[in-house]
Amino acid sequence: MTTKLTQTHTDQLSKWIDPSKSHAFTLLYKISRDGFNAQTFYRYCDNKESTVTVLYNTNNSVCGAYTAANWNSNSSCITDAYAFLFRLEYNGTAQPMKFPNTSRGGTNAIYGDAGYWPTFGCGHDLHCFSGTVNRSGNYFRLNGSASIGYTYNMQGQNYNTVMNGHLQVLNLEVYSVREKEVKEQIEEEELLQSKKKKQIMEKPWMRNIDWSSSFGKEIKSKVATYKPLSGLDLQQARILLVGQVGSGKSSYFNTINSIFRGHISAQANAGSAEHSLTTSYRTYQVMDGYAGKPLNFRLCDTRGLEEDQGLDDHDIDYLLEGHVPDRYKFNPAVPLSPDEPGFVKNPTLSDRIHCVAFVLDGSTVDVIPQKVMKRIKSMQLRMNQRGIPQVVLLTKIDTICEEISNDISKVFFSPRMNDCVDRVAMVMGLPRSHILPVKNYECEVELDQNINILSLLSLRRILNFADDNLYNELNEIKAGKTVTT
């Protein structure tokens, strides 16, 4: 999900501001970095001429406004004939539109006040908020308002088609804008060409990956025909998905399900919210097509991890050991106990978890809250005590590197992706081979061969690790039988 201006965004804004010139954008203020009150905004942005304010909302829409005038806190309207509102993306899709100022001579372009954040139009078309705003989970609920169309010509668009009808944002940024000098443009172009050469390695850091349709069919067949290790009377391997709210746990199941359904599926509830959208323990089956049989594994989805909510140590113990029934609804106020209806008191090997996949958002691995990381480490301790293998599904990799965003098959040629895998392996205390980059289906409307291949490769690896666990189980059983005789 976009939470900063891309090169495509700045190129578009530069054309709208003045198509005959090239512009430099310098970040002045970022709500997640600099604080959440109006005084802080004015401290960074007062008397700054030519600025762009950008809102990144929870629906993956990007919009905002430009003014060439200086911000001030004089409680008055400020004239600017060049000001405009804009939309860059809507629901994750590029839909750029410019909405010019219609006030005579630009007299009502923006409004400055000590208690207000950036405010455009004296109506106000876009008033971000007053006073102070607090973070709500992974987003900010701005307390301002939008009456777009009061001062700016919306060209048939409205509050819903520009801002999804709300002011819930993942971030808000203000950039200063200035015209680039000729020498600066030349140096920038040279630097860009140099960076492009370094963005992609000559050889992939993971070998033997084929992106052809034949390989896609081959790896899909391997997953479809997978059977748990024989000799244990086990029909399905169980994979537990654990991750922070919004990391993509449910989306990973939906992605695998889509591949075998033959179209984009949204069986599991997925999306962005303040708290986990998954409130129940679900042991999802994947069917080999609509009329096909269930495949020999289950993807078990859990409540998302949060700083002060989510799975605790007792919950994870019960999950790993197979005591938790399917569709059990987690209640943070009432922990699961053996007296709970449906509690599996005598779980078998079929009920237990055979491999755990931690799901981490690749774009935020460096800012995982300390409390969440502490919970993960506590869980790993319990998994290690039981000999349960662990992997990391590294999601949203298209936000890490532009080359990957343009072509998923470049994932193993990207040095940034390689560095990210290194960092995650170190933080999680796992081998690099256990860190599996994936791209879930999120805004796509049709299946993509490369997304399918990468997802199936990760699942095949997970099933191999589950079998490693089952080999240990079988060895213990055989050893027990030998001792008995």
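Only this structure's heavy atoms are used, side chains among them; waters, hydrogens and symmetry mates stay out. The first residue in the sequence is number 1, and the count goes up from there.
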Tell me yes or no: between the side chains of Thr348 and Asp351, is some donor less than 3.5 Å from an acceptor? yes

A side-chain contact here means heavy atoms from C-beta on lying under 4.5 Å apart; do Phe86 and Pro96 qualify? no

Counting C-beta onward and ignoring hydrogens, is there a side-chain heavy-atom pair between Asp448 and Tyr441 closer than 4.5 Å? yes

Hey, does the side chain of Asn57 reach the backbone of Met163 with a donor-acceptor pair shorter than 3.5 angstrom? yes

Donor-acceptor check, side chain of Trp205 to backbone of Ser414, threshold 3.5 angstrom: yes or no? yes

Keeping the roles fixed (side chain from Ser136, backbone from Tyr139), state whether a donor-acceptor pair exists under 3.5 Å. no

Would you say the side-chain atoms of Tyr252 and Ser455 include a donor-acceptor pair closer than 3.5 Å? no

Within-4.5 Å side-chain heavy-atom neighbours: Phe358 and Leu394: no

Distance, nearest 0.5 Å, that separates OH of Tyr175 from OG1 of Thr10: 9.0 Å

Side chains of Gln380 and Gln390, donor plus acceptor under 3.5 Å: yes

Look only at the side chain of Ser378 and the backbone of Arg375, and say whether a donor-acceptor pair between them is shorter than 3.5 Å. no

Student check: side-chain heavy atoms of Glu442 and Lys396 closer than 4.5 Å: yes

Side-chain (Thr225) to main-chain (Ser221) donor-acceptor, under 3.5 angstrom: yes

Report yes if some heavy atom in the side chain of Val242 is under 4.5 Å from a heavy atom in the side chain of Ile376; otherwise report no. no

Test item: Asn254 side-chain N/O and Gln267 main-chain N/O as donor-acceptor pair under 3.5 Å: yes

Among Gln385, Arg382, His323, side-chain hydrogen bond (donor to acceptor under 3.5 Å, both in side chains) partner for Asp317: Arg382

With side-chain contact (heavy atoms from CB on, under 4.5 Å) as the test, would you mind laying out the steps for Trp211 and Asp407 before giving the verdict? CA-CA 11 Å; Trp211 298 96; Asp407 184 356; over 6 Å; no

To the nearest 0.5 Å, what is the distance between NE2 on His354 and CD on Glu473? 7.0 Å

d(Lys439 NZ, Ile400 CD1) to nearest 0.5 Å is 12.0 Å

Can you tell me if Ser258 uses its side chain to pair, donor with acceptor, with the backbone of Ser265 under 3.5 Å? yes

Got a salt bridge between Lys329 and Glu340, using NZ or NE/NH1/NH2 to carboxylate O under 4.0 Å? no

Output, in order, the C-alpha distance, side-chain angles, deciding distance and verdict of side-chain contact (heavy atoms from CB on, under 4.5 Å) for Phe465 and Val356. CA-CA 9 Å; Phe465 287 128; Val356 175; over 6 Å; no

Is the backbone N or O of Tyr281 less than 3.5 Å from a side-chain atom of Thr302, with the two atoms forming a donor-acceptor pair by type? no

Under 4.0 Å between a side-chain nitrogen and a carboxylate oxygen: does that hold for Asp288 and Lys293? no

So Phe253 and Tyr284, would you call those rings parallel, tilted or perpendicular, with 30° and 60° as cut-offs? parallel

Please determine whether a side-chain nitrogen of the Lys or Arg among Arg282 and Asp301 lies less than 4.0 Å from a carboxylate oxygen of the Asp or Glu. no

Geometric cation-pi criterion, Lys220 with Phe260: 6.0 Å, 45°: yes

Just by modelled atom types, is the Ser32 backbone N or O under 3.5 Å from a matching donor or acceptor in the Asn171 side chain? yes

Under 3.5 Å side-chain donor-acceptor pair for Asn469 and Arg386: no

Derivation of the side-chain contact (heavy atoms from CB on, under 4.5 Å) call for Thr283 and Gln236: CA-CA 11 Å; Thr283 60; Gln236 292 180 311; over 6 Å; no

Measure the CD1-CZ distance between Ile31 and Arg135 for me, rounded to the nearest 0.5 Å. 8.5 Å

Any side-chain donor paired with an acceptor under 3.5 Å for Asn164 and Ser61? yes

Charged N-O contact under 4.0 Å between Glu403 and Lys410: no

Do you see a donor-acceptor pair shorter than 3.5 Å between the side chains of Asn464 and Tyr226? no

Looking at Arg33, I'd like to know if its CZ atom is crowded, meaning that more than 12 non-hydrogen atoms belonging to other residues, nucleotides or ligands lie closer than 6.0 Å. yes

Side chain proximity check, Thr395 to Val359, heavy atoms < 4.5 angstrom: yes

Might you confirm whether atom NZ of Lys222 has over 12 heavy atoms from other residues, nucleotides or ligands at distances under 6.0 Å? no

Audit row: Tyr56, Glu89, side chain to side chain donor-acceptor pair (under 3.5 Å) steps and yes/no: CA-CA 9 Å; Tyr56 309 87; Glu89 294 186 20; over 6 Å; no

Worked verdict on Arg460 versus Glu218 for salt bridge (charged side-chain N to carboxylate O under 4.0 Å, His left out): CA-CA 11 Å; Arg460 180 60 184 168; Glu218 178 187 340; over 6 Å; no

Using 0.5 Å steps for rounding, measure from the CD atom of Gln157 to the CE atom of Met97. 4.5 Å

